[in-house]
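Throughout, residue positions are numbered sequentially from 1 according to the sequence presented.
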Amino acid sequence: MPKVENRPSWKDYFMDITALVAQRSTCTRRAVGAIIVKDKRILSTGYNGAPSGIRHCTDVGCLRESLNVPSGERHELCRGIHAEQNAIIQAAYHGVSVKGATLFCTNLPCSICTKMIINAGIKKICYQDGYADSLSEEMFQEAGIEVMKHNNIKRGEAS
């Protein structure tokens with residue numbers, strides 16, 4: 001059987017899917033996607049946006065932007081739910097345990113999402129870009145959760 005040259009690694013595969021999930025975002029400031037994976041199987045997905053049945057920020061505008069709220073601050077001043085929260089909520093809604101799973105996310109989770117991730121029993125985080133919330137990094141370290149920044153090297157490029 002011939003070897004497939006550009007077959008993605010599992011980490012690349014899941015990060016590519018996470019980026020696709022982010023395209024569903026209805027946030028006007030930042031599109032974020034998250035997926036929860038265990039044993040190389042996707043358990044749930046989430047993207048940032050307003051709760052089900054609520055008008056999206058793309059329809060009504062961004063409260064945070066109108067109030068000049070900096071990124072990483074005053075999370076309560078937002079119509080949206082973060083991608084990580086939506087992924088955890090979707091798993092719970094459908095009765096799927098995420099204990100021991102890995103969360104792939106386009107951005108490092110904020111401190112609010114970090115608290116949810118810790119209590120949900122997720123054990124690893126793989127993210128693509130940073131986020132303006134250093135408290136999350138401290139809490140992940142204290143909780144013993146492995147955090148990995150995904151390299152952006154595309155298949156076929158030199159490492």
Side-chain angles (χ1 to χ4, degrees), residues 8-38 42-51 54 56-58 60-93 96-154 157 159:
S9 69
W10 283 108
K11 194 181 340 177
D12 288 340
Y13 172 73
F14 291 127
M15 284 306 291
D16 287 350
I17 293 170
T18 302
L20 182 62
V21 170
Q23 292 178 25
R24 290 282 306 154
S25 171
T26 59
C27 178
T28 60
R29 293 179 86 175
R30 179 191 319 246
V32 180
I35 66 172
I36 301 176
V37 174
K38 189 172 184 180
I42 297 172
L43 303 178
S44 68
T45 68
Y47 54 87
N48 58 330
I54 304 295
H56 298 288
C57 299
T58 51
V60 298
C62 177
L63 176 63
R64 294 174 61 77
E65 200 158 281
S66 67
L67 296 173
N68 292 317
V69 177
S71 181
E73 296 179 15
R74 304 289 314 268
H75 297 286
E76 75 280 7
L77 295 176
C78 182
R79 295 179 65 82
I81 297 174
H82 288 188
E84 305 91 325
Q85 294 168 350
N86 267 329
I88 292 169
I89 290 165
Q90 284 302 308
Y93 186 85
V96 176
S97 172
V98 297
K99 184 178 180 183
T102 298
L103 181 129
F104 287 82
C105 194
T106 55
N107 292 85
L108 181 67
C110 72
S111 57
I112 294 170
C113 291
T114 298
K115 291 181 259 186
M116 291 179 68
I117 289 164
I118 292 167
N119 280 358
I122 293 169
K123 293 299 177 193
K124 292 182 185 176
I125 308 295
C126 184
Y127 72 98
Q128 198 156 31
D129 293 313
Y131 188 74
D133 194 337
S134 60
L135 181 57
S136 64
E137 294 178 71
E138 293 171 24
M139 288 192 295
F140 280 138
Q141 185 173 13
E142 187 175 341
I145 294 175
E146 183 181 349
V147 178
M148 306 166 282
K149 184 168 183 357
H150 184 263
N151 66 26
N152 293 322
I153 298 172
K154 297 293 180 199
E157 292 181 8
S159 22

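Taking every heavy atom of both residues into account, Thr58 and Thr26 meet most closely at CG2-O, 3.2 Å. In this structure, Tyr127 and Met15 approach most closely via the heavy-atom pair C-CE, 4.0 Å. The heavy-atom pair separating Asn107 from Ala31 by the smallest distance is OD1-O, 4.4 Å. Minimum heavy-atom separation, Ala101 to Leu43: CB-CD1, 4.2 Å. The two atoms that bring Glu84 and Cys110 nearest to each other are OE2-N, 4.4 Å, heavy atoms only. Scanning both residues, Ala91 and Val98, for their nearest heavy atoms gives CB-CG1, 3.5 Å.
Rounding to the nearest 0.5 angstrom, the gap separating the SG atom in Cys62 from the CZ atom in Arg30 is 11.5 Å. Note that the CD1 atom of Ile118 and the SG atom of Cys113 stand 11.5 Å from one another [nearest 0.5 Å]. Taking CD from Glu65 and SG from Cys27, the interatomic distance works out to 9.0 Å, rounded to the nearest 0.5 Å. Atom SG in Cys105 sits 10.0 Å away from atom CG in Asp129 (nearest 0.5 Å). Taken from CG in Asn48 to NE2 in His56, the straight-line distance is 11.5 Å, to the nearest 0.5 Å. Rounding to the nearest 0.5 angstrom, the gap separating the CD atom in Glu142 from the CG atom in Leu135 is 9.5 Å.
Using a distance-only test at 3.5 Å, with no hydrogens or angles considered, no donor-acceptor pair links the side chain of Arg79 to the main chain of Gly61. At least one donor-acceptor pair under 3.5 Å links the side chain of Thr106 to the backbone N or O of Gly33. At least one donor-acceptor pair closer than 3.5 Å links the side chain of Lys38 to the backbone N or O of Lys99. Formation of a donor-acceptor pair under 3.5 Å by the Lys124 side chain with backbone atoms of Leu103 is not found in this model. Proximity of a side-chain donor or acceptor of Arg74 to a complementary backbone N or O of Arg64 within less than 3.5 Å is not detected.
Using bins of under 30°, 30° to 60° and over 60° for the plane-to-plane angle, the ring pair Phe14/Trp10 lands in the parallel bin.
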| said: As a quick check of understanding, evaluate side chain to side chain contact (heavy atoms under 4.5 Å, CB included) for Gln23 and Tyr47, giving each step before the final call. | reply: CA-CA 8 Å; Gln23 292 178 25; Tyr47 54 87; over 6 Å; no
| task | Any chance you could lay out the side chain to side chain contact (heavy atoms under 4.5 Å, CB included) test for Ile122 and Ile145, step after step, and finish with the verdict? | result | CA-CA 8 Å; Ile122 293 169; Ile145 294 175; 5.7 Å; no
| Taking it one step at a time, do Glu137 and Leu108 satisfy side chain to side chain contact (heavy atoms under 4.5 Å, CB included)? | CA-CA 8 Å; Glu137 294 178 71; Leu108 181 67; 3.4 Å; yes
| message | Under the criterion side chain to side chain contact (heavy atoms under 4.5 Å, CB included), I'd like the reasoning laid out for His75 against His82: C-alpha separation, chi angles, the key distance, then a yes or no. | response | CA-CA 10 Å; His75 297 286; His82 288 188; 3.7 Å; yes
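Annotation for Arg29: atom CZ counts as buried by contact number, over 12 foreign heavy atoms lying within 6.0 Å.
For the pair Phe140 and Pro109, the minimum side-chain heavy-atom distance is below 4.5 Å.
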